[in-house]
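Encoded as structure tokens, the structure appears first; notes follow it.
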Amino acid sequence: GIEWPPPQDAASAAELGELQLVRTARLRLTPCEQAADLAISGLGWVSVGCLPTLQQGALEATLAVWVPRGVEVFVRPPMPVGG
């Protein structure tokens, strides 16, 4: 695969090309639990979870992921975390 270095200036940002919406993920969030991982090819993954809240019950979130053309985004179950 290809790794993405972060843009350092306007020229390197332009090399990435325009961003496009490739994934919209609707997640059900439960306080103090990880809901999902977003895996972005060439970048890595981001774990999505919810901090404690005063609101009772589960929450919902919609995430829009914008990336350069040709980059894939996957939503997967969260990786287990030892405790």
Side-chain angles (χ1 to χ4, degrees):
I2 298 172
E3 289 187 16
W4 286 1
Q8 301 297 315
D9 52 35
S12 61
E15 287 178 22
L16 288 176
E18 289 188 31
L19 300 180
Q20 62 181 5
L21 177 64
V22 297
R23 176 79 63 202
T24 301
R26 188 171 205 136
L27 302 173
R28 188 168 180 87
L29 303 175
T30 303
C32 300
E33 291 184 16
Q34 296 310 109
D37 289 342
L38 296 175
I40 304 169
S41 62
L43 182 63
W45 55 272
V46 178
S47 185
V48 180
C50 181
L51 296 173
T53 178
L54 296 177
Q55 183 171 335
Q56 298 297 312
L59 306 168
E60 287 192 2
T62 302
L63 303 175
V65 184
W66 293 73
V67 294
R69 182 174 308 283
V71 174
E72 296 180 295
V73 177
F74 304 94
V75 179
R76 65 183 187 206
M79 294 179 69
V81 177

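In what follows, residues are counted from 1 in the order of the sequence shown.
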Could you tell me if the side chain of Leu19 sits less than 4.5 Å from the side chain of Pro68, heavy atoms only?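 In short, these two side chains touch, coming nearer than 4.5 Å.
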
Please say whether more than 12 non-hydrogen atoms of neighbouring residues, nucleotides or ligands are located less than 6.0 Å from CZ in Arg26.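 No, the 6.0 Å shell around CZ holds no more than 12 heavy atoms from other groups.
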
Are Leu29 and Trp45 grouped together when hydrophobic residues (ILVMFWY) are joined by side-chain heavy atoms under 4.5 angstrom apart?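 Shared cluster, no.
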
If hydrophobic clusters are built from ILVMFWY residues whose side chains come within less than 4.5 Å, do Leu43 and Val46 share one?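 Leu43 does not cluster with Val46.
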
Can you see which heavy atom on [X] is nearest to which on [Y], and at what distance?
X	Y	answer
Pro78	Ala36	CD-CA, 3.9 Å
Leu59	Cys50	CD1-SG, 3.7 Å
Arg23	Phe74	NH2-CA, 4.4 Å

Sidechain N-carboxylate O distance under 4.0 Å for Arg69, Glu18: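 Judged by the 4.0 Å cut-off on N to carboxylate O distance, Arg69 and Glu18 do not form a salt bridge.
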
Do the side chain of Asp37 and the main chain of Ala39 share a donor and acceptor less than 3.5 angstrom apart?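 A pair under 3.5 Å: no.
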
Separation between CD1 of Ile40 and CD of Glu72, rounded to the nearest 0.5 Å: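 Taking CD1 in Ile40 and CD in Glu72, the distance rounds to 12.0 Å.
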
